[in-house]
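Order of listing sets the numbers, starting from 1, for every ligand and every atom in it. Because the structure is a prediction, the values reported are computed rather than measured.
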Amino acid sequence: KLAKKAVKRAWSEASRMSSFQDIVGRLRTSFNSGKTRPLEYRLSQLQALAKLIEENTEAMNQALAQDLRKPAFEAEVSETSMINTEINLTVNNLKTWMKDEYVEKNWATTLDTAYIRKDPFGVALIIAPWNYPIHLLLIPLVGAIAAGNCGILKPSEISTNTEKLMADLLPRYLDQDCFAVVCGGPQETTELLENKFDYIFFTGSPRVGKIIMTAAAKQLTPVTLELGGKNPCFISDGCDPKITANRVLWSRFFNAGQTCTAPDYVLCTKQMRDLLLPAMRETLVEFYGKDPQQSPDLARIINDKHFQRLKALLESGTVAIGGGYDEKERYIAPTIMIDVKESDPVMQEEIFGPILPILTIENVDEAIAFINRHERPLALYPFSPDNKVVDAVLARTSSGGFCGNDGMMQMTLPSLPFGGIGNSGMGMYHGKFSYDTFSHHRAVLLRGTGMEKLNSLRYPPYSERNLSL
Ligand code: NAD
């Protein structure tokens, strides 16, 4: 019986592998035909993507509600409208971005033409996580299309309803010769990665990021890794407690804390913490009412595994606000924890849920030292009425992005690059940065055939050359 099972598994693996090979082969043939290169083609695919969103916003909101009970407002601002902004910006600027960039020359090339041509890489693989399952699949796709690539999209298998919807919709709107969706989890992705891609754009955890980079290394495929980690939030003395509470808690509890750029923990003095706690209590009632479980504006935890993980984290320190949960609904109340130590479990991993620990420090220097003792985060949020304090944190730390006196707002600007550093990732995207990420910057020098006398200066025998020239 076991042998039969093993044969069946091997057979389905083999048939999947060959179907993945077929898909990659089909896309590569299309890419090599030059089909994706003209501006008009790229615009047509971007417009098709805009149409997909326009005609299916309701279905997307529903899928997001089924997967995460994501409130429609949050789905709108963080998924569909952000994708639309990226598409509009790209459609309006693509012609300019695609222009060859003429560069400075030296005396030896003064009569030649030198420029940078933005070439597509070829067949790109985009792998997305479950927390913003449409945004994180389609915003990279906008960049891939804009730069003239073909693309395979691998949505997260964990956000199952959105995965199904994307697999159904994308082939109906995009050119199937050039774009495809592959579904599945680690097993399927591992098999898919056996194929050679020309670019891999991965969003997910640092753990899987390392697996992806190892697979890419075997083929020398360039990668962008958009990863996660613990984003510090430093709140200096003198901040307005209520405004700070509003901004920190909005960014922490948006999507029930399942956001890669959410503030993961707060560092502040004991005095500031004692001012913040009543303000936070008030904010939570304003945001979600007296019983947050009844609020339509609070998402749920994606699955049981993450629910159990978060429930266990509630054991670290003391619950100051919240702390309730309901397993049936995968609900965890917005929770503020105090008396948390740096060595507690909640400080050992990215929380990725509606829990916010507050750790006390003495001053900004201690906060900076704390931040610098840990992996470089995706985002860093200092709050202070004194710009010098915000500047000091900016100057003496390192992070993918940075926002003074708010949380997450830096990522709403497509004019800013979005990406991590160190453990939080490598590479960047959004707006023109996406176009550049998915483009190979090809150095082109076009020489004339004249002026051979001048050119002969570089030919051997060198003994006859006057180096002072
Ligand atoms: P994950 O790393 O578990 O999964 C991401 C993708 O990788 C999924 O499509 C999954 O199917 C695939 N995958 C999982 N295991 C694999 C394996 N062994 N081999 C090959 N592929 C595999 O991440 P997740 O749980 O979906 O998302 C949460 C993580 O993503 C958090 O760390 C979060 O911070 C991070 N994240 C980062 C960003 C960003 O923009 N930097 C955005 C959202 C989420």
Side-chain angles (χ1 to χ4, degrees), residues 20 67-68 70 78-79 82 86 125-140 143 152-160 162-163 166-167 181-195 197 200-216 218 223-231 251-252 254-264 301-307 309-310 348-353 375-380 399-401 408 410-412 416-430 433-434 437:
F20 292 160
D67 285 330
L68 288 146
K70 195 174 277 216
S78 65
E79 307 248 17
M82 275 185 86
E86 289 282 333
L125 171 62
I126 296 169
I127 304 175
W130 52 261
N131 59 335
Y132 292 87
I134 304 181
H135 165 148
L136 295 168
L137 190 71
L138 300 190
I139 293 187
I152 293 189
L153 294 120
K154 213 302 286 174
S156 171
E157 77 289 7
I158 291 176
S159 39
T160 46
T162 320
E163 179 199 34
M166 290 293 103
V181 181
V182 165
C183 291
Q187 172 73 27
E188 290 77 5
T189 315
T190 305
E191 291 161 12
L192 186 61
L193 285 165
E194 296 276 312
N195 292 280
F197 291 95
I200 299 178
F201 189 103
F202 170 81
T203 308
S205 60
R207 182 187 68 82
V208 179
K210 288 174 192 166
I211 297 174
I212 302 295
M213 198 167 171
T214 305
K218 288 196 188 126
V223 292
T224 291
L225 300 178
E226 296 283 343
L227 311 178
K230 292 179 86 62
N231 304 312
S251 36
R252 168 76 284 189
F254 194 93
N255 201 29
Q258 301 164 111
T259 307
C260 57
T261 46
D264 187 271
I301 307 307
I302 183 75
N303 60 17
D304 290 334
K305 188 175 144 217
H306 282 282
F307 177 86
R309 181 182 65 77
L310 289 162
Q348 307 313 309
E349 59 180 270
E350 181 181 8
I351 297 172
F352 224 56
E375 295 284 7
R376 289 189 275 180
L378 184 59
L380 177 48
S399 63
M408 306 209 303
Q410 76 281 11
M411 52 176 307
T412 62
L416 284 174
F418 180 77
I421 180 167
N423 203 60
S424 57
M426 60 183 72
M428 56 193 165
Y429 74 130
H430 284 189
F433 301 101
S434 295
T437 283

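Judged by the shortest distance from any of its heavy atoms, Ile158 lies outside the 4.0 Å radius around the atoms of ligand 1. Taking a 4.0 Å cut-off on heavy atoms, Phe202 registers as neighbouring ligand 1. Within the structure, ligand 1 lacks Gly420 among the residues with a heavy atom less than 4.0 angstrom away. Contact analysis leaves Gly425 out of contact with ligand 1, as no non-hydrogen atom separation drops below 4.0 angstrom.
With a 4.5 Å cut-off on side-chain heavy atoms, Phe20 and Glu194 do not count as touching. Within the 4.5 Å cutoff, the side chain of Glu226 has heavy atoms near those of the Phe201 side chain. For the pair Leu136 and Pro129, the minimum side-chain heavy-atom distance is below 4.5 Å. Pro133 places none of its side-chain heavy atoms less than 4.5 Å from the side chain of Pro155. Looking at Arg252 and Asp264, their side chains come closer than 4.5 Å, going by heavy atoms from C-beta outward. Contact annotation: the side chain of Phe197 approaches that of Ile152 to within less than 4.5 Å [non-hydrogen atoms, C-beta and beyond]. Counting heavy atoms from C-beta on, the side chains of Leu153 and Met166 never come closer than 4.5 Å. Contact of the Phe202 side chain with the Leu227 side chain is registered, since non-hydrogen atoms from C-beta on lie closer than 4.5 Å.
Checking only distances, Leu136 never comes within under 3.5 Å of ligand 1, N or O to N or O. The N/O atoms of Ala128, backbone and side chain alike, include one that comes under 3.5 Å of an N/O atom in ligand 1. For ligand 1, the polar-atom distance check finds no N/O of Arg207 at less than 3.5 Å from any of the ligand's N/O atoms. For ligand 1, the polar-atom distance check finds an N/O of Glu157 within less than 3.5 Å of one of the ligand's N/O atoms.
Nearest protein heavy-atom contact of atom 35 (C) of ligand 1 is Gly204 O, 3.2 Å. Nearest protein heavy-atom contact of atom 27 (O) of ligand 1 is Pro129 CB, 3.3 Å. Protein heavy atom in closest approach to atom 17 (C) of ligand 1: Pro186 CB, 3.7 Å. Scanning all protein heavy atoms for the shortest distance to atom 18 (N) of ligand 1 gives Ile211 CD1, 3.5 Å. Summary of contacts: the protein heavy atom closest to atom 1 (P) of ligand 1 is Ser205 OG, 3.7 Å. In terms of protein heavy atoms, atom 26 (O) of ligand 1 is closest to Trp130 CD1, 3.0 Å. Of the protein's non-hydrogen atoms, Cys260 SG, 3.1 Å is the one closest to atom 38 (C) of ligand 1. Shortest contact from atom 32 (O) of ligand 1 to any protein heavy atom: Glu350 OE1, 2.7 Å.
In summary, the atoms of ligand 1 found under 4.0 Å from a heavy atom of Ser156, numbered by their order in the structure, are 9 (O). Of all atoms in ligand 1, listed by their number and element, those nearer than 4.0 Å to a heavy atom of Ile127 are 6 (C), 7 (O), 9 (O). Under a 4.0 Å criterion applied to the non-hydrogen atoms of Leu378, ligand 1 contributes the atoms 41 (N). Atoms of ligand 1 found under 4.0 Å from any heavy atom of Lys154 (numbered from 1 in listed order, with element): 8 (C), 9 (O), 10 (C), 11 (O). The ligand atoms of ligand 1 that sit less than 4.0 angstrom from a heavy atom of Asn131 are 43 (C), 44 (C). Every atom of ligand 1 is numbered from 1 in the order shown, and the set under 4.0 Å from a heavy atom of Thr189 is 20 (C), 21 (N).
Ser399 OG to Asn231 CG: the interatomic distance, rounded to the nearest 0.5 Å, is 8.5 Å.
Counting heavy atoms of neighbouring residues, nucleotides and ligands inside a 6.0 Å radius, atom CE of Met213 does not exceed 12 of them. Atom CE of Met428 has 12 or fewer heavy atoms from other residues, nucleotides or ligands within 6.0 Å.
Side-chain atoms of Lys70 come within 3.5 Å of backbone atoms of Asn131 as a donor-acceptor pair (strictly under, hydrogens ignored). Between the side chain of Gln258 and the backbone N or O of Ile302 there is at least one donor-acceptor pair closer than 3.5 Å.
Residue-level proximity to ligand 1 for Thr259 is absent, since no heavy atom of it falls below 4.0 angstrom. Proximity of Phe418 to ligand 1, defined as any heavy-atom pair under 4.0 Å, is confined to the side chain (atoms from C-beta onward). The residue Thr261 has no part lying near ligand 1, judged by heavy-atom distances below 4.0 Å.
Checking Thr162, Thr203, Thr259 one by one against Tyr132, the side chain to side chain donor-acceptor pair (under 3.5 Å) holds for a single residue, Thr259. When each of Leu193, Leu225, Thr224 is paired with Ile200, the side chain to side chain contact (heavy atoms under 4.5 Å, CB included) condition holds for Leu193 and for no other.
Counting heavy atoms only, Thr203 comes closest to atom 5 (C) of ligand 1 of the residues Val208, Thr203, Thr224.
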